[in-house]
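First comes the structure, then the notes that go with it.
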Protein chains: 2
Amino acid sequence: MKKSKIKTMEELSEAIGVSRPTLSRYFQDPDSVRESTSRKIQLGLEKVEYVPNFFATRMNRKSTGMIGVIIPYLNDLFFTNLLEQIELAAMDAGYTVISQCSHSDPAIEARAAETFMSMNVDGALVIPLGNQSDLKVYRRLESRLPFVLVDSRPKTMLDVDYVGTDHEKSCDLMTDYLCRMGEPPVFLAMPRVNFNALEREDAYIRHMTAHGHKPEVIGTEMIEEGWHFEAHGEAVLDRHLSRGEYTERSILCANDRVAIGALRAAARHGLVPGRGQKGGFRIAGHDDYPLCPFTIPALTTIAQDFEAIGKASVLRLIEIINGENTDGPPKIQLFDGILKLRESA
Amino acid sequence: MKKSKIKTMEELSEAIGVSRPTLSRYFQDPDSVRESTSRKIQLGLEKVEYVPNFFATRMNRKSTGMIGVIIPYLNDLFFTNLLEQIELAAMDAGYTVISQCSHSDPAIEARAAETFMSMNVDGALVIPLGNQSDLKVYRRLESRLPFVLVDSRPKTMLDVDYVGTDHEKSCDLMTDYLCRMGEPPVFLAMPRVNFNALEREDAYIRHMTAHGHKPEVIGTEMIEEGWHFEAHGEAVLDRHLSRGEYTERSILCANDRVAIGALRAAARHGLVPGRGQKGGFRIAGHDDYPLCPFTIPALTTIAQDFEAIGKASVLRLIEIINGENTDGPPKIQLFDGILKLRESA
DNA sequence: TCCCATTTTTTACGTGTGTAAAGATTACGC
DNA sequence: GCGTAATCTTTACACACGTAAAAAATGGGA
């Protein structure tokens with residue numbers, strides 16, 4: 001059975017025998033028309049191929065029902081997890097998510113923001129690119145549509161609503177745990193591409209100093225190009241282990257991907273990190289990357305609460321869209337990380 | 001300096017002192033107006049905040065310059081890699097990509113298709129969900145806009161253009177390699193959620209039979225729920241190793257995520273897979289998941305050519321959009337996998 | 001200075017739907 | 001059968017821009 005194709009609501013109204021304005025109301029809320037007409041329209045729709053034109057639909061509305069999400073990288077399970085939670089939360093709230101990936105390129109990030117503005121999205125969630133982001137873009141965005149920063153936040157944007165993990169606290173948690181169980185940790189940093197990494201590093205340093213330990217940070221120099229975190233972690237730790245350094249220390253990695261590289265460097269040197277191991281060699285990460293339970297040994301890490309962050313950022317954005325609680329200082333929501341004890345530390 | 005905000009082209013034309021149709025032409029092609037006016041407009045734009053309305057812009061055009069991409073899962077680096085390549089290729093070709101993730105839900109997948117139709121995208125690339133996909137949706141899509149299947153293809157959709165990896169060939173390659181270097185492999189399957197997995201399994205069986213070996217497939221029963229491939233691989237292999245089975249065999253895994261789980265099961269049993277190892281215990285994967293070089297031991301696998309697949313699918317879609325080479329049988333493009341020899345096999 | 005070609009302005013209509021107002025129809029209770 | 005309220009149809013305008021045609025302005029060369 002071939003359904004006849006119908007392009008406009010006008011045609012549809014003829015085909016069904018109902019006026020166009022009535023159809024229009026039906027599509028926006030089927031309960032806004034009498035039940036008998038509602039049934040009549042439903043029956044008609046089954047016999048026909050019709051999809052309302054998205055553009056025409058949204059053009060006249062104050063609200064487009066869309067929220068834009070800018071995500072910096074696709075090839076990182078951390079971000080995809082976050083994006084997934086955001087999409088699900090937005091879907092729940094009846095919004096359509098348009099996501100754009102900046103592919104490590106500030107120019108693309110800027111263009112994505114531009115696209116959102118021209119599409120009249122009701123609001124945007126921005127997971128910033130990092131240090132390279134073009135801050136002017138955010139300022140521009142700010143003046144035109146509600147937006148919330150997620151996961152990380154440039155130091156120059158402290159006046160914007162923000163949802164993320166309390167890195168200070170979570171890093172403390174881990175540092176504290178490592179100190180309690182053995183030698184105070186060394187921090188394996190990553191190239192300065194991201195604000196969170198710095199926050200964690202700072203938190204580590206503060207915590208160590210406060211407890212009378214001497215902080216040691218390695219891996220701040222760029223060894224591998226770009227976002228090859230695993231390769232970076234492997235190269236840095238390999239270099240030190242080759243010199244016989246840190247073979248009986250805890251290595252606290254800036255994130256799990258770095259830690260995965262570090263695990264490999266350890267294996268190459270015949271070291272098996274773990275709290276059960278003699279000698280006190282241990283490796284810990286941060287983020288609870290989905291693969292952590294499957295590394296060898298399984299990686300001890302701090303889990304970020306993706307779901308809470310995703311949900312909270314969407315809800316807050318919707319609040320702003322609706323003009324609720326928009327006076328006063330920017331609303332900052334920080335969620336606690338959870339220590340995931342596995343094998344490696 | 002505060003730029004005055006301008007909402008419509010009408011207002012802009014007053015502000016700059018140029019007629020609206022001229023502005024319209026300028027935005028579509030700056031060279032279509034006299035250079036002096038072009039400069040005048042440029043100067044004006046610098047003093048003013050203006051973003052053309054996306055919807056109004058596209059409504060009257062035959063072409064919206066957008067292509068839609070449906071991707072089944074976000075939390076899998078395989079798909080994100082593919083999506084990235086697609087986005088970059090589309091960007092190169094001057095198209096805007098709208099991507100929608102189906103989150104393992106056929107209903108969401110269907111809605112994404114619906115959205116694309118209502119947005120009048122010029123065409124769509126579809127990476128199917130797998131067996132659960134609602135095939136009616138594709139048929140519907142087919143009758144309304146050009147689309148190309150990517151990565152995997154339902155058996156009921158053999159009449160649609162398709163771009164992917166030649167699994168038959170790549171699986172042969174691996175099976176052949178494993179046979180040459182030691183005991184013929186056992187195939188560690190994954191739950192039947194995906195057509196590629198089956199294709200690979202079939203290819204394995206055919207190859208083994210053709211060469212006089214007895215094919216053995218394990219892990220077809222669902223042990224872990226859903227897409228927890230790593231957990232599945234670990235559980236299946238662990239069960240067999242516990243019985244003392246396959247400790248001197250090659251394990252060919254349906255994909256790398258399954259293999260990562262298998263690696264862990266091996267480690268738990270004190271086995272180190274590798275071509276250098278005595279006893280012939282080896283593990284191999286498929287896809288060249290980005291983490292493969294960092295597993296312990298590094299995973300031998302078959303790399304899919306993401307870039308080629310992404311580029312080819314976009315180019316083919318654009319061909320269809322332009323009405324080129326659309327007669328004749330469906331165009332199938334299969335790319336060869338490349339054997340990545342690392343440590344595990 | 002004048003003519004002609006090029007470019008711009010003016011005017012007007014099209015895109016598909018939202019939406020408001022006024023008039024026509026229907027449903028329902030009495 | 002009548003009145004009233006709910007619902008529907010008709011009509012009209014709006015949204016922001018594409019686009020076509022005719023009229024006006026501009027620029028450059030002779």
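Order of the sequence lines sets the chain letters (A, B, ...), proteins ahead of strands, with each chain counted from 1.
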If you check the [X] side chain, which of [options] turns out closest?
| X | options | value |
| --- | --- | --- |
| A:S19 | D:dT9, D:dA14, C:dT9 | D:dT9 |
| A:M59 | C:dT9, D:dT26, D:dC15 | D:dC15 |
| A:T37 | C:dA20, D:dC8, D:dG18 | D:dC8 |
| B:V33 | C:dG18, C:dT8, D:dC17 | C:dT8 |
| B:R20 | C:dA12, C:dT10, C:dT17 | C:dA12 |
| A:R25 | C:dT17, D:dC8, D:dG18 | D:dC8 |
| A:R34 | D:dT9, C:dG18, C:dT26 | C:dT26 |

**OP:** May I ask you to say what A:P52 touches in the nucleic acid, namely base, sugar-phosphate or nothing, with a heavy-atom cut-off under 4.0 Å?
**Re:**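 Result for A:P52 = sugar-phosphate.
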
**OP:** For B:T22, answer base if it contacts any base atom (sugar-phosphate contacts may also be present), sugar-phosphate if it contacts only those atoms, and nothing otherwise; contact means non-hydrogen atoms under 4.0 Å.
**Re:**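 Base contact.
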
Subject >> B:F116 ring center near B:F147 ring center (under 6.0 Å) >> reply: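 Not close enough - the centres of the two rings lie 6.0 Å or further apart.
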
Do the side-chain N or O atoms of [X] get closer than 4.0 angstrom to the phosphate oxygens (OP1, OP2) of [N]?
| X | N | answer |
| --- | --- | --- |
| B:S24 | D:dG18 | yes |
| B:Q28 | D:dC17 | no |
| B:Y50 | D:dC17 | yes |
| A:K62 | C:dT19 | yes |

Subject >> Greater than 12 external heavy atoms within 6.0 Å of A:E324's CD >> reply: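 Yes, CD of A:E324 has more than 12 neighbouring heavy atoms, counting only those of other groups under 6.0 Å.
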
Subject >> Enclosure of B:R144 CZ (heavy-atom neighbours >12, cutoff 6.0 Å) >> reply: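 Yes - once you tally the heavy atoms of other residues, nucleotides and ligands closer than 6.0 Å, there are more than 12.
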
Original post:
Between B:Y138 and B:P154, is there a donor-acceptor pair closer than 3.5 Å when you use the side chain of the first and the backbone of the second?
Top reply: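 Here the side-chain-to-backbone pair does not exist.
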
Original post:
For the side chain of B:R58 and the base of D:dG18, is some donor closer than 3.5 Å to an acceptor across the two?
Top reply: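 Flag unset: no donor-acceptor pair detected.
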
Original post:
Centre of A:F54's six-membered ring, under 6.0 Å away, within 45 degrees of the axis: is that where NZ or CZ of A:R58 sits?
Top reply: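 The answer is yes; both the distance and angle limits are met.
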
Subject >> Length of the line joining A:D31:CG and D:dA6:C1', which is rounded to integer Å >> reply: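 A:D31 atom CG is separated from D:dA6 atom C1' by 15 Å.
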
Subject >> First encountered from the 5' end of DNA chain D, between A:K40 and B:E10 >> reply: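 In this pair, the answer is A:K40.
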
